[in-house]
Student: 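I have a structure here, written as structure tokens, and I will follow up with some questions on it.
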Number of protein chains: 2
Amino acid sequence: MAKQQASPEAKSAGATIYSVADHAGVSIATVSRVLQGATVVAETTRQKVLAAVEELGYVPLGAARSLAVRHHEAHGLVLPELSGPYYAELLMGFEARAAELAQSIVLVLTNSRTDLAAAVRQLATRVDAIAVFGSPAISADVVRLLRAKKPVVVIAGEPHDGAETIAAENLGSARELAGHVLGHGRRRALFVGDPDSGPDIRNRYAGYVAAHRERGLDAAEPVRVSLSEADGAAFAQRLLDGEYEADALMCANDELALSIMTTLQDAGRDVPGDIAVVGWDDVMTSRYVRPGLTTVRQPVQELGALAANRLHELVSGEPPRSQAQMLPTQLVVRSSCGCPPTH
Amino acid sequence: MAKQQASPEAKSAGATIYSVADHAGVSIATVSRVLQGATVVAETTRQKVLAAVEELGYVPLGAARSLAVRHHEAHGLVLPELSGPYYAELLMGFEARAAELAQSIVLVLTNSRTDLAAAVRQLATRVDAIAVFGSPAISADVVRLLRAKKPVVVIAGEPHDGAETIAAENLGSARELAGHVLGHGRRRALFVGDPDSGPDIRNRYAGYVAAHRERGLDAAEPVRVSLSEADGAAFAQRLLDGEYEADALMCANDELALSIMTTLQDAGRDVPGDIAVVGWDDVMTSRYVRPGLTTVRQPVQELGALAANRLHELVSGEPPRSQAQMLPTQLVVRSSCGCPPTH
DNA sequence: CTGTTAGCGCTTTCAT
DNA sequence: ATGAAAGCGCTAACAG
């Protein structure tokens, strides 16, 4: 059994449904039938076919099937990138659900593309439906273009011209989180992040504002920095330099919060003693740092799974939903907000 | 321009190369020519065709093209999962290079699959070549099976029956890292991780052993735990309970190291004073914890990019390499090993 | 239960 | 520079 395959580079590229049919002494229709498993085939012929398949090492050509069935049996997913746990988890959730639905997934990362529109157009060529993460990098035009041809769902993005949208809840949890911080008696809380970078951050800021309003407090203007470690460190430095005054920082996500908190600590500041810091996302690091980072957990995998599921439903002919779907989030209180450590 | 698309559900599913040709008053061959851009077409007809494409919202059917050109123009990538930065970075590197080569990428995560073999077979159906991460989850059989039909490269796995292999260097850096720890005077260093879980860990352990040998020291048996936070914490607890005695821990990866270090610290142990802890991978968290985790950086993205590149070369007819390709790694010294903090 | 046959939509000679 | 036509490999009626 071991040595009979003499050529190491066999790569019997040949092997079509015809050669299998020949080899088994049946018609191509029969081969197709046993491979699809739908129709009933006599057990004996079935075995003959399977043997031929095995013998020839037949691998069906997906493209031919797709052409015949008029379905790609694949979903597209467009994400900005994969650094940090957020998008990776989204992808895992998406992949898992797509797998259950027997859909392949073809992935496009926009940050690695020079011509995004072309990449997306090319993607549309080989999938039945597309989920795009609603980053500003993906212009509304692209989405609109696609939407006319294929079902599209936008994840955590603007409700583009009617494309179906799904997102995690932001406003309420942000209000709750900000309220929690204010409840520790902080009165100079700053929001760090750019509300214009998308609806997620915009709603988190809105929650921050709402929490202040409810208490008759003034909400400060947001400190507009991007969601990167580098920008976080830079902001922290400006804070240390006295450019800002604050006793609490509500950061747009954990990566920002972590880089800020660490920079502050390394400069001798006490967190949360001198200043509280809270984030958003509950990434792994947030559990490990001391003090543990108070943050908000999003059901990221579920978001991905829901996207895959909706895509499939849309492909199956279900009507699009007009209303955005919203998944609940959860406040995770650790000690960077001023609460006593609990581990 | 805004309201003329009356039906919100246009989805002009129709639009084939025929309808475009009709609409433009040319033959399908001409349409194909302007869309491929290869052959020269009169500028006027070119414009007519483009107009028709625009008008009809024509999106070519990838499957039909694939069938005609006998290429999928897609690469498959099989990864265990995406939690933690390692696989995500690998994927980013792979995707970026594949994008440059104009190859789509279709992704399969094995942890979400109940029938992995079927998933991989199905994958083979729609891509020209496949890169699989060499986890033990992917049986050698599956790889062997594939390899007969499509080019396969194995990333960081056993040199399966001749499938091309690429990996990051482990042995040398592990020897260096272990040597560094021993250089701090530690004499009860334990290796935490299971060498049987694959060649990566096996070689790291081998480096640990080599470093001891070189100094005439005895290397201890590895403490066989899996690469998860949970197992790390459990091991740390057993250590605290006195089940093991050690003044240094060389962990198979950062996640393990981090969970162990944190558990130890929370129990009052001083790292590195009482016990040194080092990891492998240089994940983000390792920069943020205190003390900073001494570890080894792997060129993970490059690994992914190299895989995509080799896949493309193999598809283009280049001969497979018999020798495994190895990328260099780099020791990252912070302070968990006993070195003074430097930030 | 099995075979025949007509496409699926695109690329690519081969003519013109 | 353009058109006609022959497939690419598979599925799905339709007959038998």
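Chain letters run A, B, ... following the sequence lines, proteins first, then strands; residues in each count from 1. Only this structure's heavy atoms are used, side chains among them; waters, hydrogens and symmetry mates stay out.
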Student: Compile the donor-acceptor pairs under 3.5 Å between side chains in residues 18-26 of chain B and protein atoms, sequence neighbours left out, one pair per line.
Tutor:
{"residue": "B:Ser19", "atom": "OG", "partner": "B:Thr16", "partner atom": "N", "Å": "2.7"}
{"residue": "B:Ser19", "atom": "OG", "partner": "B:Thr16", "partner atom": "O", "Å": "2.9"}

Student: Output the rounded distance in Å from CD (B:Glu43) to P (D:dT2).
Tutor: 10 Å
Student: Does a side-chain N or O of A:Arg70 approach OP1 or OP2 of C:dG9 to a distance below 4.0 Å, or not?
Tutor: yes
Student: Between B:Lys150 and B:Ala124 (side chain of the first, backbone of the second, donor and acceptor by atom type, cut-off under 3.5 Å), is there such a pair?
Tutor: yes
Student: Which residue lies toward the 5' end of DNA chain D, A:Arg33 or A:Val59, if each is placed at its nearest nucleotide?
Tutor: A:Val59
Student: B:Gln47 CD to D:dA1 P: how many Å, rounded?
Tutor: 15 Å
Student: Output the rounded distance in Å from NE2 (A:His71) to P (C:dG7).
Tutor: 21 Å
Student: For a quick check of understanding: with a heavy-atom distance under 4.0 Å over all strands, which category does B:Thr45 fall into, base, sugar-phosphate or nothing?
Tutor: sugar-phosphate
Student: Just call it for B:Ala29: base, sugar-phosphate, or nothing, with non-hydrogen atoms closer than 4.0 Å on any strand.
Tutor: base
Student: Reckon B:Ser27 has a side-chain N or O less than 4.0 Å from the OP1 or OP2 of D:dG3?
Tutor: yes
Student: Please determine, for the side chain of A:Ile28, which listed nucleotide (C:dT5, C:dC1, C:dC10) has the closest atom?
Tutor: C:dT5
Student: Considering heavy-atom distances to DNA chain D, does B:Ala68 or B:Gly25 have its closest nucleotide positioned more toward the 5' end?
Tutor: B:Gly25
Student: So, is A:Tyr18 near the phosphate of D:dG7, with a side-chain N or O under 4.0 Å from OP1 or OP2?
Tutor: no
Student: With a cut-off of less than 4.0 Å, is there a side-chain N or O of A:Thr30 near OP1 or OP2 of C:dT2?
Tutor: no
Student: By nearest atom, which of the nucleotides C:dT2, C:dT11, D:dC10 is closest to the A:Ala42 side chain?
Tutor: C:dT2
Student: Measure from CZ on A:Arg65 to C1' on C:dC8 and round the result to the nearest Å.
Tutor: 13 Å
Student: Would you kindly give the CG-to-P distance between B:Leu67 and C:dT12, to the nearest whole Å?
Tutor: 12 Å
Student: Looking at A:Glu95 and B:Arg113, is any side-chain nitrogen of the basic one under 4.0 Å from a carboxylate oxygen of the acidic one?
Tutor: yes
Student: Please report the distance, rounded to the nearest Å, between CD1 in B:Ile17 and P in C:dC10.
Tutor: 5 Å
Student: A:Arg46 CZ to C:dT2 C1': how many Å, rounded?
Tutor: 16 Å
Student: Would you say the side chains of B:Glu318 and B:Ser316 form a donor-acceptor pair under 3.5 Å?
Tutor: no
Student: Indicate, with a heavy-atom threshold strictly under 4.0 Å, whether A:Val26 touches base, sugar-phosphate, or nothing.
Tutor: sugar-phosphate
Student: Can you check the B:Glu73 CD to C:dT11 C1' distance for me, whole Å?
Tutor: 11 Å
Student: Just by modelled atom types, is the A:Leu101 backbone N or O under 3.5 Å from a matching donor or acceptor in the A:Gln103 side chain?
Tutor: yes
